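Below, read A as the first sequence line, B as the second, and so on, with proteins coming before strands; counting in each chain starts at 1. Everything numeric in this text was worked out from a predicted model, so none of it was measured.
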Number of protein chains: 2
Amino acid sequence: MDAVYTAPGYLFRRMQQIAVAIFVEECKAYDLTPVQYASLVSIRAHPGIDATRLSAVIAFDRSTLGSVIERLEAKAYIERKPSPGDKRTKLLYLTKSGAALLRDIIPSVERAQARMLQPLKPADRKTLLALLTQLVDLNNEASRVPLRAEDALEHLGKTG
Amino acid sequence: MDAVYTAPGYLFRRMQQIAVAIFVEECKAYDLTPVQYASLVSIRAHPGIDATRLSAVIAFDRSTLGSVIERLEAKAYIERKPSPGDKRTKLLYLTKSGAALLRDIIPSVERAQARMLQPLKPADRKTLLALLTQLVDLNNEASRVPLRAEDALEHLGKTG
DNA sequence: TCTCGATTGACAGCATACTTACTATACGGA
DNA sequence: TCCGTATAGTAAGTATGCTGTCAATCGAGA
């Protein structure tokens with residue numbers, strides 16, 4: 001019976017499920033999902049980034065990100081502007097309303113992040129985060145969408 | 001920048017993403033998803049369980065589970081039989097083909113589970129699993145679909 | 001300069017996940 | 001027995017997350 005409950009895959013799925021539930025609960029006043037939040041934060045950090053590079057920066061599937069961007073644009077939190085140099089790409093920018101939302105939501109997000117680890121003793125929280133960070137990093141290539149944080153810098157080399 | 005990458009929520013999402021990718025890769029010969037695998041295992045452990053109880057046993061959303069069961073039935077890995085005592089419920093059983101698949105796929109699943117933790121030192125693997133088990137358990141009520149392992153036993157009390 | 005391979009964003013399709021709502025059924029108490 | 005409440009399964013709607021494919025565009029090399 002506990003062959004299932006102690007399997008790493010089961011624990012990761014369950015923990016992700018719990019983490020999303022906590023995030024949504026803490027942030028329900030803002031109608032923003034974890035994925036949408038991560039996108040906004042990254043666009044703020046890299047104004048003028050394009051969708052493909054954004055997907056690498058937050059380790060998202062490119063196809064999925066398309067609809068996420070659509071929803072953020074529909075809510076007027078971001079804008080898409082055509083790139084002057086490349087007719088294929090559309091550059092992403094926060095709107096004022098998006099920037100304001102981000103400022104407002106941050107306390108709720110931090111409360112959510114804290115709640116996820118709350119049940120553990122402080123020392124155990126640190127240990128868990130350290131091990132997870134290490135594991136995610138070492139397993140980066142195993143995922144279908146490896147994280148490429150450095151990709152975000154490329155467009156800066158070209159445009160600024 | 002690393003405010004995002006070290007956030008627990010981000011790490012949990014990323015780790016789940018990696019875990020699923022590894023599972024799918026190891027098991028691609030069997031055309032079975034992690035969720036479908038967990039369902040089959042639990043149906044084998046509790047033959048004649050109904051869908052609602054199954055959802056509690058594997059901490060799945062009941063609505064989602066409906067379509068999962070449909071697909072498993074379409075692939076002829078499980079059967080649904082009407083309950084003699086309750087016209088509302090349909091009881092779930094593995095078919096021979098489902099039982100055979102489960103036997104065959106187990107080595108691949110175990111390889112996948114091992115690969116997820118491979119990059120860590122053996123002692124760290126134990127630590128991580130112990131902390132995660134603890135955290136998932138203590139956060140059980142925070143998720144929208146709390147795990148109710150004991151629910152699986154109820155129908156045994158009535159039928160066997 | 002022209003063409004070929006790579007890249008970008010869009011789309012279709014499948015599979016999780018969750019919400020709400022609806023129907024059929026079951027069951028306990030008046 | 002009848003009624004209110006609870007439960008099982010289903011469906012519709014939204015949002016990830018992945019696989020493909022496609023057309024438009026870009027860029028590099030012949």
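Of the possible polar contacts, one joining the B/N139 side chain to the A/M116 backbone as a donor-acceptor pair under 3.5 Å is found. Within the 3.5 Å criterion, the main-chain N or O of A/D31 finds a donor-acceptor partner in the side chain of A/K75.
Going from atom CD of A/E70 over to atom P of C/dA10 covers 8 Å, rounded to whole Å. Nucleotide D/dG9 holds its P atom 9 Å from the CZ atom of B/R80, rounded to whole Å. Atom-to-atom, CG of A/D50 to P of C/dT7 comes out at 13 Å; the value is rounded to the nearest Å. Between the CG atom of B/L91 and the C1' atom of D/dA8 there is a distance of 11 Å, rounded to whole Å. The CZ-P distance, from B/R53 to D/dT7, rounds to 10 Å in whole Å. Taking atom CD1 of residue A/I49 and atom P of nucleotide C/dG9, one finds them 10 Å apart after rounding to whole Å. Atom OH of B/Y10 is separated from atom P of D/dG17 by 11 Å (rounded to the nearest Å). At whole-Å resolution of the value, CD1 in A/I58 and P in D/dT16 are 10 Å apart.
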Between protein and nucleotides 24-26 of chain D, what N or O pairs are separated by less than 3.5 Å?
from, atom 1, to, atom 2, distance (Å)
D/dT25, O2, A/R88, NH1, 3.4
D/dC26, OP1, A/K87, N, 2.6

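Residues A/Y10 and A/Y5 place their aromatic rings such that the two centres sit under 6.0 Å apart.
Of all non-hydrogen atoms in A/P8 and B/L117, the two that sit nearest each other are CG-CD1, 3.7 Å. A/I78 and A/T95 make their closest contact through C-CG2, 3.6 Å (heavy atoms, listed as atom of the first residue, atom of the second, distance). In plain terms, the two heavy atoms of B/L147 and B/A56 that are nearest each other are CD1-O, 3.4 Å. Considering all non-hydrogen atoms of both residues, B/A21 and A/S143 come closest at CB-CA, 4.0 Å.
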Legend entry - Sugar-phosphate or base contact per nucleotide [nucleotides 13-22 of chain C; S, B, -; heavy atom under 4.0 Å]: --SBBBBB--
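Just one residue in the list B/L135, B/V136, B/D137 forms a side chain to side chain contact (heavy atoms under 4.5 Å, CB included) with A/L11, and that residue is B/V136.
A/R80 is listed as a side-chain neighbour of A/I69, based on a closest heavy-atom distance under 4.5 Å.
In this structure, B/R14 does not reach the D/dG17 phosphate: none of its side-chain N or O atoms is under 4.0 Å from OP1 or OP2. Phosphate contact (OP1/OP2 of D/dG9, side-chain N/O of B/T52, threshold under 4.0 Å): present.
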